[in-house]
Amino acid sequence: MPPLVLPAALIAVAILAALAALQLAVAFGAPLGHFVWGGKSRVLPPTLRIASAFSIVIYAAIALVLLDRAGAIDIFPGEQVEAVATWFIFGYFTLGILANGVSRSKPERYTMTPTCALLASCTLLIALS
């Protein structure tokens with residue numbers, strides 16, 4: 001494994017953990033909704049609170065894939081599953097750059113666009129390994 005792959009995975013996992021904490025906070029009604037889901041509501045409506053809770057599960061799954069691909073853990077059968085999943089995750093974060101970049105919410109645009117760019121960069125490094 002190239003030397004920067006594990007640090008890239010650990011950076012991505014740390015960012016995902018921070019995003020999960022943010023999603024958990026907004027799921028429980030914290031007035032931080034201007035950072036997520038288009039930033040339309042400071043306190044999220046019930047449907048977006050559920051989506052925020054579900055996103056935590058997605059972040060955890062992404063973290064597992066990235067850690068597996070980086071060689072830190074071994075939970076997925078065969079390298080093909082994690083390789084394809086890693087490229088899919090890279091695409092997801094790349095789309096996130098675009099989606100957050102056009103958000104009407106300045107807080108979301110200014111925080112989540114670079115966050116997605118960093119996640120995409122880390123994921124690309126892991127995918128190329």
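Applying the side-chain hydrogen bond (donor to acceptor under 3.5 Å, both in side chains) test to residues at least two apart or on different chains, the pairs with a partner in residues 106-127 are Ser103-Glu108. For residues 74-85, no pair satisfies side-chain hydrogen bond (donor to acceptor under 3.5 Å, both in side chains), with sequence neighbours left out.
With hydrogens and angles disregarded, a donor-acceptor distance shorter than 3.5 Å links the side chain of Ser105 to the backbone of His34. Panel note: side chain Asp68, backbone Leu64; no donor-acceptor pair is recorded below 3.5 Å. At distances below 3.5 Å, at least one donor-acceptor pair connects side-chain atoms of Arg49 with backbone N or O atoms of Leu44. In terms of modelled atom types and a separation under 3.5 Å, the side chain of Arg69 and the main chain of Ser129 share a donor-acceptor contact.
Between Ile97 and Ala120, the closest heavy-atom pair is CD1-CB, 4.0 Å. What you find for Ile126 and Ala70 is that their closest heavy atoms are CG2-N, 4.3 Å. The minimum heavy-atom distance between Ser52 and Val26, with the atom names listed, is OG-CG2, 3.4 Å. Among all heavy-atom pairs drawn from Ala12 and Leu66, the shortest one is CB-CD1, 3.8 Å. Ala53 and Ala27 make their closest contact through N-CB, 4.2 Å (heavy atoms, listed as atom of the first residue, atom of the second, distance).
At a threshold of 4.5 Å between side-chain heavy atoms, the hydrophobic network of Ile, Leu, Val, Met, Phe, Trp and Tyr places Ile15 and Ile58 in one connected group. The hydrophobic cluster containing Leu98 does not contain Leu19, counting ILVMFWY residues as joined when their side-chain heavy atoms lie under 4.5 angstrom apart, directly or transitively. Linking ILVMFWY residues whenever their side-chain heavy atoms come closer than 4.5 Å, directly or via other members, places Ile75 and Tyr59 in the same cluster. In the hydrophobic cluster analysis, where Ile, Leu, Val, Met, Phe, Trp and Tyr join through side-chain heavy atoms closer than 4.5 angstrom, Leu32 is grouped together with Phe54. Under the 4.5 Å side-chain heavy-atom criterion for grouping Ile, Leu, Val, Met, Phe, Trp and Tyr, Tyr92 is connected to Leu119 within one hydrophobic cluster.
With sequence neighbours excluded, the residues forming a side chain to side chain contact (heavy atoms under 4.5 Å, CB included) with Leu67 are Ala9, Leu10, Val13, Ala72, Ile73, listed by chain and number. Not a single ring pair (Phe, Tyr, Trp, His ring centres under 6.0 Å) links Phe93 to another residue, sequence neighbours left out.
Taking 4.5 Å as the limit, some side-chain heavy atom of Pro45 sits within range of a side-chain heavy atom of Leu48. In this structure, Val57 and Gln23 have side chains that are not in contact, with every pair of non-hydrogen atoms separated by 4.5 Å or more.
Applying the 4.5 Å side-chain rule to ILVMFWY residues, one finds Trp87, Leu124, Leu128 in the same cluster as Phe90. Leu125 belongs to a hydrophobic cluster with Leu4, counting contacts under 4.5 Å between side-chain heavy atoms of Ile, Leu, Val, Met, Phe, Trp and Tyr, direct or through other members.
Of the inter-residue distances, the one linking Asn100 atom CG with Phe35 atom CZ reads 12.0 Å to the nearest 0.5 angstrom.
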